[in-house]
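Okay, so here's the structure we're looking at.
None of the values given here were measured: they were computed from a predicted structure.
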Amino acid sequence: QVQLVESGGGSVEAGGSLRLSCVAYGYTYDMHAIGWLRQPPGKEREGVAAIYTSGGTTFYADSVEGRFTISQDNTKTTTTVFLQMNDLKPEDTAMYYCATGVDWGEDLNAAAYQYWGQGTQVTVSS
């Protein structure tokens, strides 16, 4: 069973940066991808970025393209995925989750992910 542990959230002013980390214990490549998804206050969860871990292909939501970068670091025992967030805006305020266990082509579809972490809060003030 995979376990996902996020860290790196916090409060920043608009224009600032944060780097989120997700350590995936027990991850296997048949889970295909690890994604970052977020849930803004009062809204549904939405896909932000995803990386297919076997080849490194990445996908981004239009709202974060050019500002956010997803990357990975693999060891023999763990897979870690990072989300570098630059030029943050108040509308980026949300609980951010990493998730895995998704079919090919469903990488930004929050409803398609099977396994989720507990989330880390990001708050951007204007």
Side-chain angles (χ1 to χ4, degrees):
Q1 182 78 355
V2 65
Q3 182 183 11
L4 303 167
V5 181
E6 304 102 330
S7 62
S11 297
V12 296
E13 294 184 350
S17 298
L18 284 173
R19 189 191 196 205
L20 306 184
S21 299
C22 171
V23 181
Y25 300 97
Y27 176 83
T28 55
Y29 284 109
D30 62 359
M31 297 180 186
H32 298 143
I34 295 178
W36 282 100
L37 304 102
R38 67 187 180 187
Q39 187 165 19
K43 297 184 179 180
E44 298 292 317
R45 286 185 184 181
E46 61 185 17
V48 175
I51 185 166
Y52 284 91
T53 53
S54 62
T57 302
T58 58
F59 291 91
Y60 297 93
D62 290 344
S63 59
V64 306
E65 182 82 52
R67 299 189 297 122
F68 290 12
T69 303
I70 190 169
S71 61
Q72 63 177 334
D73 180 46
N74 300 319
T75 69
K76 289 183 179 180
T77 56
T78 60
T79 295
T80 302
V81 172
F82 305 97
L83 186 68
Q84 178 66 44
M85 306 186 295
N86 298 327
D87 190 23
L88 282 161
K89 303 177 180 182
E91 52 264 41
D92 295 317
T93 294
M95 182 69 79
Y96 282 72
Y97 300 89
C98 70
T100 192
V102 65
D103 290 333
W104 293 102
E106 296 286 345
D107 33 84
L108 293 182
N109 179 4
Y113 283 84
Q114 289 184 277
Y115 308 105
W116 293 75
Q118 292 300 305
T120 185
Q121 178 68 37
V122 171
T123 302
V124 185
S125 58
S126 57

Donor-acceptor pairs under 3.5 angstrom involving side-chain atoms of residues 109-117: please list them, not counting sequence neighbours.
{"from": "N109", "atom 1": "OD1", "to": "A111", "atom 2": "N", "distance (Å)": "3.2"}
{"from": "N109", "atom 1": "ND2", "to": "E106", "atom 2": "OE1", "distance (Å)": "2.8"}
{"from": "Y113", "atom 1": "OH", "to": "D107", "atom 2": "O", "distance (Å)": "2.5"}
{"from": "W116", "atom 1": "NE1", "to": "Y113", "atom 2": "O", "distance (Å)": "3.3"}

> If every non-hydrogen atom of V102 is compared with every non-hydrogen atom of A33, which pair is closest and at what distance?
Replying inline: CG1-CB, 3.9 Å
>> Applying a strict under-4.5 Å side-chain criterion to I, L, V, M, F, W and Y, I'd like to know whether V2 and Y29 cluster together.
In response: yes
> What orientation do Y96 and F68 show, parallel under 30°, tilted 30 to 60°, or perpendicular over 60°?
Replying inline: tilted
>> To the nearest 0.5 Å, what is the distance between CG on D30 and OG1 on T100?
In response: 9.0 Å
>> Please give me the minimum heavy-atom distance between L18 and G9, naming the atom from each residue.
In response: CD1-C, 4.5 Å
> What's the spacing between R67 CZ and T69 OG1 if we round to 0.5 Å?
Replying inline: 11.0 Å
>> Applying side-chain contact (heavy atoms from CB on, under 4.5 Å) to Y97 and Q39, what does each step give before you reach the verdict?
In response: CA-CA 8 Å; Y97 300 89; Q39 187 165 19; 4.3 Å; yes
>> Going by side chain to side chain donor-acceptor pair (under 3.5 Å), Y27 matches just one of T53, N74, T80, T77. Which one?
In response: T53
>> As an exercise, state the distance from CG of L37 to CZ of R45, rounded to the nearest 0.5 Å.
In response: 8.0 Å
>> Are V48 and I51 linked, directly or through intermediate hydrophobic residues, by side-chain heavy-atom contacts shorter than 4.5 Å (ILVMFWY only)?
In response: yes
> If you look at every heavy atom in G47 and A61, which pair is closest and at what distance?
Replying inline: O-CB, 3.5 Å
> Would a 4.5 Å heavy-atom cut-off, applied to side chains only, mark T93 and Q121 as touching?
Replying inline: yes
>> Could you walk me through whether L20 and E6 satisfy the side-chain contact (heavy atoms from CB on, under 4.5 Å) test, starting with their C-alpha distance in whole Å, then the side-chain angles of each, then the deciding distance to 0.1 Å, before giving a yes or no?
In response: CA-CA 7 Å; L20 306 184; E6 304 102 330; over 6 Å; no
>> Quick test of your reading: applying disulfide bond (SG atoms under 2.5 Å apart), list the pairs with at least one residue in residues 17-126, sequence neighbours left out, ordered by first then second residue.
In response: C22-C98
>> Quick check for you: to the nearest 0.5 Å, what is the distance between E91 atom CD and S126 atom OG?
In response: 10.0 Å
> Can you name the closest pair of heavy atoms from S125 and P90 and give their distance?
Replying inline: C-CG, 4.5 Å
> Distance from L83 atom CG to Y60 atom OH, nearest 0.5 Å?
Replying inline: 7.5 Å
> Is M31 reachable from W104 through a run of I, L, V, M, F, W or Y residues, each pair having side-chain heavy atoms under 4.5 Å apart?
Replying inline: no
>> Between I34 and Q72, does the side-chain contact (heavy atoms from CB on, under 4.5 Å) criterion hold? Intermediate values first, please.
In response: CA-CA 9 Å; I34 295 178; Q72 63 177 334; over 6 Å; no
> How about S63 and K89: do any of their side-chain heavy atoms sit closer than 4.5 Å?
Replying inline: no
> Atom CZ in F82, atom CH2 in W36: separation rounded to 0.5 Å?
Replying inline: 9.5 Å
> Transitively linked via ILVMFWY side-chain contacts under 4.5 Å: V122 with M95?
Replying inline: no
>> One pair to check against side-chain contact (heavy atoms from CB on, under 4.5 Å): V64 and R38. What are the steps and the verdict?
In response: CA-CA 12 Å; V64 306; R38 67 187 180 187; 4.0 Å; yes
